[in-house]
J.: 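Below you will find the structure I want to go over with you.
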Amino acid sequence: MISKLDSVLLPPKKFIFHYKNMRWARGRHETYLCFVVKRRVGPDSMTFDFGHLRNRSGCHVEMLFLRYLGVLCPGLFGGGAAGEKRLSYSITWFCSWSPCSNCSTRLAQLLSQTPNLRLRIFVSRLYFCDMEDSQEREGLRMLNKAGVNITVMSYKDYFYCWQTFVARRLSRFKAWDELNQNSVRLTRKLHHILQPSETEDFRDAFKLLGL
DNA sequence: ATTTTCAAT
């Protein structure tokens, strides 16, 4: 089964290299996605599967994940029989880069058509989000509006990933220099991206005031 | 001060 094949644990060095949230992440020409799938039954949810994926040439890792969605979440789209009740799932994933605009669009579309699926995304770094008017920023806003909780990874998230997805043996997660500063900086940046309307409001207010 | 980015060679 695909999900089992790919649930092999990540080598520690690979995890650190790709998830390091440094300002200039030179040479990270790959993206990793660590995921946990939970089945929701009433108020309870149970871990159903977990693992990680890496992008393949020509296929961003998010789209690769969508290919496996049906396998990872049996019954998500119903069992085939008409009127059969669809099962509910919650997916949390931790991505080394935030999604590009195309992936965000596709994900938002899927989620709007699949109300029995919840998605929570943690990202280590923001992908092409420097320009105020970048498509990637717009994509993140779309995802947010589609109900996806997007969060910049902090120490506790790296710690959790290390415990869950990494072949760590007995070694404890060791934070790199400036992990916290970078996380705080990126969190602020993400907040700014997701709340542009406030800036617009300010602009309108300034305009009204003749400033 | 400046540096990167799900590559392209």
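No hydrogens, no waters, no symmetry mates; every other heavy atom, side chains included, goes into these values. Below, chains carry the letters A, B, ... as their sequence lines are ordered, and counting in each starts from 1.
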J.: Report yes if the distance between the aromatic ring centroids of Tyr160(A) and Phe94(A) is under 6.0 Å, otherwise no.
T.: yes

J.: Can you tell me how far C1' in dA8(B) sits from the matching atom in dT4(B), rounded to whole Å?
T.: 16 Å

J.: Go through DNA chain B in 5' to 3' direction and return only the first and the last nucleotide with some atom under 4.0 Å of chain A's heavy atoms.
T.: dT3(B) to dA7(B)

J.: Quickly, which of Phe65(A), Phe122(A), Phe35(A) forms a ring-ring contact (aromatic ring centres under 6.0 Å, His included) with Trp93(A)? Name it, please.
T.: Phe65(A)

J.: Check each residue of residues 90-101 of chain A for a non-hydrogen atom within less than 4.0 Å of any atom in DNA chain B, then write out the ones that pass by number, or none.
T.: Trp97(A), Ser98(A), Pro99(A), Cys100(A)

J.: In whole Å, what separates the P atom of dT2(B) from that of dC6(B)?
T.: 23 Å

J.: Answer yes or no on whether Arg28(A) is positioned over the face of Phe17(A), meaning its NZ or CZ is under 6.0 Å from the six-membered ring centre and within 45° of the axis.
T.: yes

J.: Taking side-chain hydrogen bond (donor to acceptor under 3.5 Å, both in side chains) as the test, write out the residues that go with Lys156(A), two or more places apart.
T.: Ser154(A)

J.: Taking atom P in both dA1(B) and dT5(B), compute the distance separating them and give it to the nearest angstrom.
T.: 23 Å

J.: Check side-chain hydrogen bond (donor to acceptor under 3.5 Å, both in side chains) between His18(A) and all other residues, then give those that pass, not counting sequence neighbours.
T.: Glu30(A)

J.: Show the numbers, then the answer: is there a side chain to side chain donor-acceptor pair (under 3.5 Å) between Arg40(A) and Ser90(A)?
T.: CA-CA 7 Å; Arg40(A) 282 189 282 129; Ser90(A) 293; 2.9 Å; yes

J.: Would you mind listing every side-chain hydrogen bond (donor to acceptor under 3.5 Å, both in side chains) that reaches into residues 103-124 of chain A, with sequence neighbours excluded?
T.: Arg120(A)-Asn149(A), Ser124(A)-Tyr158(A)

J.: Under 4.0 angstrom, heavy atoms only, what part of the nucleic acid is Glu136(A) near: base, sugar-phosphate, or nothing?
T.: nothing

J.: For Lys189(A), which residues count as a side-chain hydrogen bond (donor to acceptor under 3.5 Å, both in side chains) partner, sequence neighbours excluded?
T.: Asp130(A)

